[in-house]
Amino acid sequence: MNDISEIRVLAFDGHGGASETSIDKPIDGADISFTWIHIHRDSQTGAAWLENNIDYSVVVDALLAEETRPRCTPHGNGVIVNLRGVNLHPESNPEDMVSIRLWMEEKRVISIWRRPLSAIEDLLDAIERKHAPTTPGDFVAKLVLRLADRAEPTVAGLNEHIDALEEEMLDSSEFFPRQQLADIRRKSIVLRRYLLPQKDALTTLEIEDVDWIGDRDRARIREAAERITRLGEDLDAIRDRAQIVNDQIADQRAENMNKQMLLLSIVAAVFLPLGFLTGLLGINVGGMPGVDNPIAFLIVVALLLILVVIELLIFKRLGLLGMKRKDRA
């Protein structure tokens, strides 16, 4: 059952079993609890079948829409539920979330997919093991719980990554991989953008006045909504931690820059009077002292060294040199 074709139809007996059929084969019967029609969005046969078997054109348009966001909207005797799951397929980004669109009625569930979704594959595996949903409410409850199960490792991975980056920042911020930090922040923002509306959709489905969703199914849907709420809170924390780490790196780099500017300022302050004196003694006019004295140069050098010592003592008294030694310690 793992190879999903463009149109797939399963009939559930309400006791954990399911049998595969087709859209052309009659599937009504007392031993059938409900049916699941799984259609690829790009299937022309599937699109024609939807138009002929769903009474509401707005529902067909919603199921075949190019882009969707998580939502729950009742129409007549059914409910539209759009959900999203993390993309766990190889060479794909988890935050590139995959949509699944559902139209649910008392005896029928229609799902529209465009890209394979791991939660659907998990549900098909459970059906193979004779753990099939018993009602449409049980179907959506199991689906949303598997969507939450699949999202949790991705969020946990982001948490572990930010932990590692925080430790790396404590060791050294000179060559910190800021691109990785920005990537974590971007992933958390994208995942949160779809998970929080999904929580609202599940909450709406839980409280919706639909007879064919039982109390047990509502409790499981509520559990899934709470798990998604926790995932959203974890993503908020990851985003905030990434911002804090980024601010700490910026503060450390600003502090290092200030230290370097202080050093340059001290060097400039030391050599400014020296440059002035040497420039003054180097002018080409008459009457310069020591022109005929053979040790005049040594005297000037000694006076300049004394001036340097005086300046350093002044800087030390002002605390500038002490600050540099303290920073280095």
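Here, residue 1 is the first one in the sequence, and each next residue gets the next number. All values below were derived from every heavy atom in this structure, side-chain atoms included, with hydrogens, water molecules and symmetry-related copies excluded.
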| remark: Between Ala141 and Asp217 the two heavy atoms that sit nearest each other are CB-O, 4.1 Å
| Side-chain (Asn53) to main-chain (Trp49) donor-acceptor, under 3.5 angstrom | yes
| field | Inter-residue atom distance Ile7.CD1 - Ile39.CD1, 0.5 Å rounding | value | 5.5 Å
| query | Is Arg218 reaching over with its side chain to a backbone N or O of Glu206, donor-acceptor style, under 3.5 angstrom? | reply | yes
| Do Leu147 and Leu117 come within less than 4.5 Å of each other through their side chains, counting heavy atoms only? | yes
| task | Taking all non-hydrogen atoms of both residues into account, name the closest pair between Leu231 and Ala148 and its distance. | result | CD1-O, 4.1 Å
| request: Using a cut-off of 6.0 Å, state whether more than 12 heavy atoms not belonging to Ile295 lie near its atom CD1. | output: no
| query | Are any non-hydrogen side-chain atoms of Arg241 and Asn159 less than 4.5 angstrom apart? | reply | yes
| With a 4.5 Å heavy-atom cut-off, do His40 and Trp113 have their side chains touching? | yes
| message | Is there a side-chain contact between His38 and Leu124 in this structure, where contact means two heavy atoms from C-beta onward sitting under 4.5 Å apart? | response | no
| said: For a quick check under 3.5 Å, do Asn256 and Gln260 share a side-chain donor-acceptor pair by atom type? | reply: no
| Is there a donor-acceptor pair closer than 3.5 Å between any side-chain N or O of Arg84 and the backbone N or O of Met97? | yes
| For atom CZ of Arg216, is the number of surrounding heavy atoms from other residues, nucleotides or ligands below 6.0 Å larger than 12? | no
| query | Do Ile299 and Leu304 belong to the same hydrophobic cluster, where Ile, Leu, Val, Met, Phe, Trp and Tyr are linked whenever their side-chain heavy atoms lie under 4.5 Å apart, directly or via other members? | reply | no
| For the hydrophobic clusters of this structure (ILVMFWY residues joined by side-chain heavy atoms under 4.5 Å, transitively), does one cluster hold both Val270 and Phe276? | yes
| query | Does some side-chain heavy atom of Leu202 sit less than 4.5 Å from a side-chain heavy atom of Leu83? | reply | yes
| query | Would you call Glu67 and Arg114 a salt bridge, using N to O less than 4.0 angstrom? | reply | no
| field | Among Arg150, Arg146, Arg129, the one residue meeting salt bridge (charged side-chain N to carboxylate O under 4.0 Å, His left out) with Asp122 | value | Arg150
| Rounded to the nearest 0.5 Å, how far apart are CG of Leu191 and OG1 of Thr154? | 7.0 Å
| How would you list, by chain and number, every residue that makes a ring-ring contact (aromatic ring centres under 6.0 Å, His included) with Phe139, sequence neighbours excluded? | Trp36
| Rounded to the nearest 0.5 Å, how far apart are CD of Glu106 and OG of Ser33? | 9.0 Å
| query | Any chain of hydrophobic side-chain contacts (each under 4.5 Å) joining Val267 to Val308? | reply | yes
| task | Hey, could you give me the CG/CG distance between Asn77 and Asp55, rounded to the nearest 0.5 Å? | result | 7.5 Å
| task | Determine whether Leu63 and Ile54 make a side-chain contact, defined as any pair of heavy atoms from C-beta on separated by less than 4.5 Å. | result | yes
| What pair of heavy atoms forms the shortest contact from Ala65 to Arg41, and how long is it? | O-NE, 3.2 Å
| field | Phe271 atom CZ: more than 12 heavy-atom contacts under 6.0 Å | value | no
| message | Between Tyr56 and Ile110, is there shared hydrophobic-cluster membership here, with clusters defined by ILVMFWY side-chain heavy atoms closer than 4.5 Å? | response | yes
| Of all pairs that satisfy ring-ring contact (aromatic ring centres under 6.0 Å, His included), the ones with a partner from residues 181-236, not counting sequence neighbours | none
| query | Any side-chain heavy atom of Leu181 sitting closer than 4.5 Å to one from Ile162? | reply | yes
| message | Restricting to non-hydrogen atoms, name the atom on Pro136 and the atom on Val109 that form the minimum distance, rounded to 0.1 Å. | response | CB-CG2, 3.8 Å
| field | Contact check, side chains of Ile221 and Val140, non-hydrogen atoms, under 4.5 Å | value | yes
| Gap separating the OG1 atom of Thr21 from the CG atom of Leu10, nearest 0.5 angstrom | 9.0 Å
| Distance from Met104 atom CE to Leu205 atom CG, nearest 0.5 Å? | 5.0 Å
| For Val81 and Cys72, which heavy atoms make the closest approach, and how far apart are they? | CG2-SG, 4.2 Å
| field | Short N-O contact, Arg230 and Asp234, less than 4.0 angstrom | value | no
| field | ILVMFWY network linking Leu264 to Met257, side-chain heavy atoms under 4.5 angstrom | value | yes
| task | Can you run down the salt bridge (Lys or Arg N to Asp or Glu O under 4.0 Å) pairs that involve residues 191-205, sequence neighbours left out, and say none if there aren't any? | result | Arg192-Asp236
| request: Determine yes or no for a side-chain-to-main-chain donor-acceptor pair under 3.5 angstrom, with Asn246 supplying the side chain and Ala242 the backbone. | output: no
| task | Any chance you could lay out the side-chain contact (heavy atoms from CB on, under 4.5 Å) test for Leu165 and Val245, step after step, and finish with the verdict? | result | CA-CA 8 Å; Leu165 289 180; Val245 172; 5.5 Å; no
| Note: Glu152-Arg227 ion pair, threshold 4.0 Å (strictly below) | yes
| message | Keeping Asn82 on the side-chain end and Arg101 on the backbone end, is there a donor-acceptor pair under 3.5 Å? | response | no
| field | Over all atoms of both residues, closest heavy-atom pair of Leu145 and Ala224 | value | CD2-CB, 3.8 Å
| said: Tell me if the CG atom of Asp247 is crowded by more than 12 foreign heavy atoms within 6.0 Å. | reply: yes
